[in-house]
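Below is one structure, written out as structure tokens; the observations come after it.
Positions are given from 1 along the sequence. Since the structure is predicted, the reported quantities are computational estimates derived from the model, not experimental observations.
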Amino acid sequence: MSLTTAYRKLTQDEFMAEARERFGSDPLLWAFRCPHCGDIASPADFKAAGAPPGMAGQECIGRSLGALKKPAPTNTRGCDWAAYGLFRGPWEVVVPAEDGKPEASIWAFPLAEPATSDD
């Protein structure tokens with residue numbers, strides 16, 4: 001199954017502003033949707049799984065939960081997809097030049113839609 005998401009290019013500032021608007025100022029609560037399996041995970045989810053929180057938005061949480069093991073567990077969430085490598089993530093976030101380093105692109109998963117409350 002593939003949930004292909006359209007390519008989108010944002011500056012780092014645009015990305016940060018959109019994430020804050022959707023999820024607030026705590027980056028641990030910013031949620032990303034895997035473009036392959038649709039799982040939604042935040043840096044807090046990665047941290048709870050014992051994985052680096054910075055991998056959120058670049059890897060599906062399934063990679064941290066064993067999806068790369070052979071055979072892959074069937075009772076876990078996510079998949080083995082990553083936004084870097086052979087298949088790039090659908091979002092390109094352009095980081096400005098700084099400290100003598102040139103402008104660079106970081107490939108990422110799209111931000112998820114914020115949770116809605118029916119209460």
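Follow the hydrophobic side-chain contacts under 4.5 Å out from Met55 and you never reach Phe109; the two are in separate clusters.
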Determine all donor-acceptor pairs shorter than 3.5 Å in which one atom belongs to a side chain in residues 78-93; sequence neighbours excluded.
from, atom 1, to, atom 2, distance (Å)
Tyr84, OH, Glu59, OE2, 2.2
Glu92, OE1, Tyr7, OH, 2.3
Glu92, OE2, Ser105, OG, 2.5

Please step through side chain to side chain contact (heavy atoms under 4.5 Å, CB included) for the pair Lys69 and Thr76, ending with a clear verdict. CA-CA 12 Å; Lys69 293 179 182 174; Thr76 191; over 6 Å; no
Salt bridge (charged side-chain N to carboxylate O under 4.0 Å, His left out) between Glu18 and Arg8, worked out: CA-CA 13 Å; Glu18 188 168 332; Arg8 185 168 173 207; 2.6 Å; yes
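Atoms SG and CZ, from Cys60 and Arg77 in turn, are 8.0 Å apart once rounded to the nearest 0.5 Å. With values rounded to the nearest 0.5 angstrom, Leu10 atom CG is found 12.5 Å from Met16 atom CE.
Between the Arg22 side chain and the Leu111 main chain, a donor and an acceptor come within less than 3.5 Å of each other.
When side chains are defined from C-beta on, Phe23 counts as touching Pro114, because their heavy atoms get closer than 4.5 Å. For the pair Pro96/Gln12, a side-chain contact is recorded, criterion being any heavy-atom separation below 4.5 Å from C-beta on.
Listed by chain and residue number, nothing satisfies the ring-ring contact (aromatic ring centres under 6.0 Å, His included) test with Phe32 (two or more places apart in sequence, or in another chain). When the salt bridge (charged side-chain N to carboxylate O under 4.0 Å, His left out) test is applied to Arg20, no partner is found at least two apart in sequence or on another chain.
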